[in-house]
2 protein chains.
Amino acid sequence: MKELTFDAENCPISRISKVLQGKWSMVIIYVLSEGTLRFSEIHHKLPHITEVNLTKDLRMLEAYGVIHREVYPVVPPKVEYSLTDMGKDFLPILNSITDWAEKYTTK
Amino acid sequence: MKELTFDAENCPISRISKVLQGKWSMVIIYVLSEGTLRFSEIHHKLPHITEVNLTKDLRMLEAYGVIHREVYPVVPPKVEYSLTDMGKDFLPILNSITDWAEKYTTK
DNA sequence: CGGTATCCTCCGGGATACTG
DNA sequence: CAGTATCCCGGAGGATACCG
């Protein structure tokens, strides 16, 4: 493995950990893996997260460049979320994590 | 991708997310990737984490089966930490995450 | 429809000091 | 050496209500 320092500046793990630390980050990425979704569609798939926190997490993922937010200036409002290339590149990792978790954890 | 439900009971992502949510979890796994380490050695490699939280995280990782804690009944105390098979299986994932973070984030 | 505003609680995580 | 014991604080995340 590569040699790393363990501060947020130089360590890629520390740098990206904020994204993965969110309770809902990975699940949001997962539901967006199937394609573009509107805010309400995401919320419908993830009813356990509140609108406040869904908004917060979506903005955070957007800030990190994982997802793209497209606003259509229509009435009623229409906003679509989709994975960026960065987000799509995370999908195989997410699959690995899922497999790993399934192998070693039990219901 | 597989079909999942998104509660901690049935969704492997949700089930394992606690492990990855910890600020230091992944870095601890990383430093243990090179081999067995004593408490003080881990702490030396990760000086930014307090002993309290290092202890807490180590116990959590142990509870999830990611690391093994071996206590030697000697004076002064000697405790060694190492990765379990589950922990070792996570290393390629950790590498992927590191590469992904390096590719898309900047210092 | 896609959010905000507000309030509240819990706990992750830091700082410091102490111990078997 | 390998932790505990306390104290403290910010912020994650939930609940509810409201808005352009």
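Within every chain, numbering begins at 1; the chains are lettered A, B, ... in the order of the sequence lines, protein sequences first and strands thereafter.
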Are any protein N/O atoms closer than 3.5 Å to N/O atoms in nucleotides 14-16 of chain D? If there are, list each pair with its distance.
residue: D/dG14; atom: OP1; partner: A/Lys23; partner atom: NZ; Å: 3.0
residue: D/dG14; atom: OP2; partner: A/Asn53; partner atom: ND2; Å: 3.1

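Closest non-hydrogen pair, B/Ile97 versus B/Met26, comes out as CD1-SD, 4.1 Å. Across every non-hydrogen atom of A/Gln21 and B/Leu20, the tightest pair is CG-O, 4.2 Å.
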Would you tabulate the side-chain donor-acceptor contacts of residues 77-84 of chain B under 3.5 Å, counting partners in other chains and residues two or more places apart, or write 'none'?
residue: B/Glu80; atom: OE1; partner: B/Tyr72; partner atom: OH; Å: 3.0
residue: B/Tyr81; atom: OH; partner: B/Arg69; partner atom: NE; Å: 3.2
residue: B/Thr84; atom: OG1; partner: B/Gly65; partner atom: O; Å: 2.5
residue: B/Thr84; atom: OG1; partner: B/Val66; partner atom: O; Å: 2.9
residue: B/Thr84; atom: OG1; partner: B/Met86; partner atom: N; Å: 3.3
residue: B/Thr84; atom: OG1; partner: B/Gly87; partner atom: N; Å: 3.2

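For the pair B/Lys56 NZ and D/dG3 P, the computed distance is 15 Å after rounding to whole Å. Atom OH in A/Tyr72 sits roughly 25 Å away from atom P in D/dG20 (whole-Å rounding). The interatomic distance linking B/Arg59 (CZ) with C/dG12 (P) rounds to 16 Å, in whole Å. Atoms NE2 (B/His43) and P (C/dA15) sit 10 Å apart, rounded to a whole Å. Going from atom CD1 of A/Ile28 over to atom C1' of D/dA12 covers 13 Å, rounded to whole Å. The distance between atom CG of B/Asp57 and atom P of C/dC11, rounded to the nearest whole Å, is 16 Å.
The phosphate of D/dA2 (OP1 or OP2) has a side-chain N or O of B/Arg38 nearer than 4.0 angstrom. A/Thr55 has no side-chain polar atom (N or O) that falls below the 4.0 Å cut-off from OP1 or OP2 of C/dG3.
In this view, B/Glu70 satisfies the salt bridge (Lys or Arg N to Asp or Glu O under 4.0 Å) rule with no residue, not counting sequence neighbours.
Here A/Tyr81 lies in heavy-atom contact (under 4.0 Å) with sugar-phosphate atoms only.
A donor and an acceptor atom, one from each side chain of B/Asn53 and B/Thr50, are located under 3.5 Å apart.
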